[in-house]
Amino acid sequence: MTPSFTSNSLRFSCSLGLAPSHSKFNPYPQIPLPNPNFHQFPQPLLRLKPISAVQSKFLVPDAGAIVVDRVTEAELKENGFRSTRRTKIVCTIGPQTCGFDELEALAVGGMNVARINMCHGTREWHRQVIEHVRMLNEEKGFGVAVMMDTEGSEINMGDLGGATSAKAEDGEIWTFTVRALGLDCPDRTITVNYDGFAEDVKVGDELLVDGGMVRFVVTEKIGPDVICCCTDPGMLLPCANLTFWRDGSLVRERNAMLPTISSKDWLDIDFGIAEGVDFIAVSFVKSAEVIKHLKSYIAARFPKNDIAVIAKLESIDSLSNLEEIILASDGAMVARGDMGAQIPLEQVPSVQENIVQLCKQLNKPVIVASQLLESMVEYPIPTRAEVADVSEAVGQQADALMLSGESAMGLYPEKALVVLRSVSLRIERWLREKRHSTLEVQTMSSSVHIGIQEEMCYAAVKMANKLEADALFVYTKTGHMASLLSRNRPDCPVFAFTPNSSVRRRLNLRWGLIPFCLGFSNEMESNLKRTFSLLKARGMINSGDLIIVVSDQLRSIQVINVP
Ligand SMILES: Nc1ncnc2c1ncn2[C@@H]1O[C@H](COP(=O)(O)OP(=O)(O)OP(=O)(O)O)[C@@H](O)[C@H]1O
Ligand SMILES: CC(=O)C(=O)O
Ligand SMILES: [K+]
Ligand SMILES: [Mg+2]
């Protein structure tokens, strides 16, 4: 029985003992995988309760209600506008964090978006995670969005015949083969999922497993078998990504033609749409066409389902079409893990910086992902170099940072989240102070598409910075006007009021935006009056606060002291 989901009927949250499928492998063999029984979803019976009353409070805001997530509300009450974190946080959910209580701890810790990676786990497992996030939002007042990340079809090793890992030693001879061996895999033999593999590689090529965690050189080809000698020993993990390099460059032959969205990915996408995910992140995007195709697929099949499509920039082929891909997408991810296996590592930082700047210019949210705090998979504190890396991404004013293994299968998911949060807050404050001491007024240049809304937002942010306003307010139906304010990276937070709860969740990925669900009318005067009184009643603003209000409908910018 799967949990039912209706907004006004009496609902029981019933998950009947579906254990999460576990990590297919353990990349850190020194850390035991979590005990599968202990990390099952918590016994649902403990939470069997009618939730219709609570739910309606969060799901369908009545005319008088205002909805904001409870973490932001607490932050605003305690420390005021300047304390809100501008950089958003995405957490990958895995065996360590899939339980209701663990997810709640991440939500309390400031997770804005929960990411599920379709490379791992079954659909049933992912469905349970989505259901838990939904319950947290509805029953406990969080506002966490869900992102589904596709598997994509790059070259991968097989599943090692069921073993959790295999050690390759220096100088050992291993066979990589496209034969289907199933469980009868001989020793030191690895299956490869891509049929053209044996034809495409050449003697002398280097094979890199997971971007170089283990390295081989091809010594001989015998029909479907590629014989290799191990040159950098290490642990081979099931389904690890495989790239091959010739004369120092990545080889992209026919494998460049592998579909970005495989048939399994299409089924996952249907699943994601049916489950109402907020974002679909497409792995290994190579061109804008695939993004356009997916967007029209979503629009045609599910016209009411407004899902944002995020282009994951990790394939070498994407780098020559960045602008076109980003323009076609609703956002981008700098997926440094696989990117670092496709381009020389020393190029990754400049590519990151370019993508972040381009996304800001084109008004698309951008996520910096992978290995931000990799050592925290094993250790309770990060390395100084990792803190510097996080600071760099915060300093670039990327919209969001992402945890991968740190939150999916690491030992310290909550501590990793605390590090992202505290580094973001500290660096954001330091940058604001630095700008003020040099009297530098930071604003984005006008976007490539000059329009009334762009110019209004640019002017409003400039004014807010100069007047040291406490907050910008924007009333927005689609979220566009709010995104344009965020794009200019103002000094103060932006309160975005929208009547649409899915717009509100998608705005979670935007730098400096605090999304509220609020019904509003065409009467700005009464909207403002009502907003002020609702926010004051909840202790989120005070009389005298200086607010700059931007309205699309009136094409106006107002400067108001809260009465
Ligand atoms: N749903 C899951 N079930 C089991 N393990 C998971 C799950 N999600 C993530 N993991 C573990 O966490 C690790 C890091 O997660 P991450 O999402 O970065 O995966 P990845 O395999 O590196 O692929 P990608 O390039 O898509 O990020 C994975 O390698 C896997 O071991
Ligand atoms: C996130 C991801 O897919 C990567 O870094 O490769
Ligand atoms: K993926
Ligand atoms: Mg990747």
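- Partners of Phe520 by ring pair (Phe, Tyr, Trp, His ring centres under 6.0 Å), not counting sequence neighbours, listed by chain and number: Tyr475.
- Minimum interatomic distance between Ile367 and Met147 (heavy atoms only, all atoms of both residues): CD1-CE, 3.6 Å.
- The pair Glu73-Lys77 meets the salt-bridge criterion, since a charged nitrogen lies less than 4.0 angstrom from a carboxylate oxygen.
- Using a distance-only test at 3.5 Å, with no hydrogens or angles considered, no donor-acceptor pair links the side chain of Asn321 to the main chain of Ala288.
- Lys312 has no carboxylate O lying under 4.0 Å from a charged side-chain N of Asp338, or vice versa, which leaves the two without a salt bridge.
- Within the model, atoms CG of Leu420 and CD1 of Ile89 stand 5.0 Å from one another, a figure rounded to the nearest 0.5 Å.
- Across all their heavy atoms, Phe271 and Arg127 have their closest contact at CZ-N, 3.7 Å.
- Taking every heavy atom of both residues into account, Arg421 and Gly109 meet most closely at NH1-O, 2.8 Å.
- Using modelled atom types, one side-chain atom of Arg85 and one backbone atom of Gly110 make a donor-acceptor pair closer than 3.5 Å.
- For Gln371 and Arg336, the side-chain atoms include no donor-acceptor pair closer than 3.5 Å.
- Side chain of Glu406 to main chain of Ala416: no donor-acceptor pair is present (N/O by atom type, distance under 3.5 Å, no hydrogens or angles).
- Atoms OG and NZ, from Ser407 and Lys415 in turn, are 15.5 Å apart once rounded to the nearest 0.5 Å.
- Taking every heavy atom of both residues into account, Leu509 and Asp399 meet most closely at O-CB, 3.1 Å.
- Without hydrogens or angle criteria, Asp159 side chain to Pro238 main chain gives no donor-acceptor distance under 3.5 Å.
- The distance from atom CZ of Arg86 to atom CG of Leu513, rounded to the nearest 0.5 Å, is 11.0 Å.
- Interatomic distance, CZ of Phe497 versus CD1 of Ile514, reported as 9.0 Å (0.5 Å rounding).
- Under a 3.5 Å cut-off, the side chain of Lys140 and the backbone N or O of Arg70 do not form any donor-acceptor pair.
- Between Thr87 and Glu428, the side chains place a donor N or O and an acceptor N or O closer than 3.5 Å (distance only, hydrogens not considered).
- With 3.5 Å as the limit, one finds no donor-acceptor pair spanning the side chains of Ser502 and Arg504.
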Kindly determine whether Met118 and Asp265 satisfy side chain to side chain contact (heavy atoms under 4.5 Å, CB included), including the steps that lead there. CA-CA 8 Å; Met118 304 310 281; Asp265 292 336; 5.8 Å; no
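- In this structure, Tyr194 and Leu242 have side chains that are not in contact, with every pair of non-hydrogen atoms separated by 4.5 Å or more.
- Interatomic distance, OG of Ser318 versus CD of Gln342, reported as 8.0 Å (0.5 Å rounding).
- For the atom pair OG1 (Thr476) and CE (Met481), the distance works out to 8.0 Å, reported to the nearest 0.5 Å.
- Although no hydrogens or angles enter the test, the distance criterion places a donor-acceptor pair under 3.5 Å between the side chain of Arg506 and the main chain of Asp306.
- The backbone N or O of Gly512 sits nowhere less than 3.5 Å from a side-chain atom of Ser486 that would complete a donor-acceptor pair.
- Partners of Ser483 according to the side-chain hydrogen bond (donor to acceptor under 3.5 Å, both in side chains) rule, which considers only residues two or more places apart in sequence or in another chain, are Asn363.
- Nearest heavy atom pair, residue Gly99 against residue His132, reads C-ND1, 4.1 Å.
- Considering Ile273, Leu294, Asp330, Asp278 in turn, Ile273 is the only one that fulfils the side chain to side chain contact (heavy atoms under 4.5 Å, CB included) rule with Ile307.
- Residues Cys98 and Ile93 share a closest heavy-atom pair of CA-CG2, 3.8 Å.
- Arg115 places no side-chain N or O within donor-acceptor distance of the main-chain N or O of Ala281, the cut-off being under 3.5 Å.
- Applying the salt bridge (Lys or Arg N to Asp or Glu O under 4.0 Å) rule to Asp317 yields the partners Arg252; only residues at least two apart in sequence or on another chain are considered.
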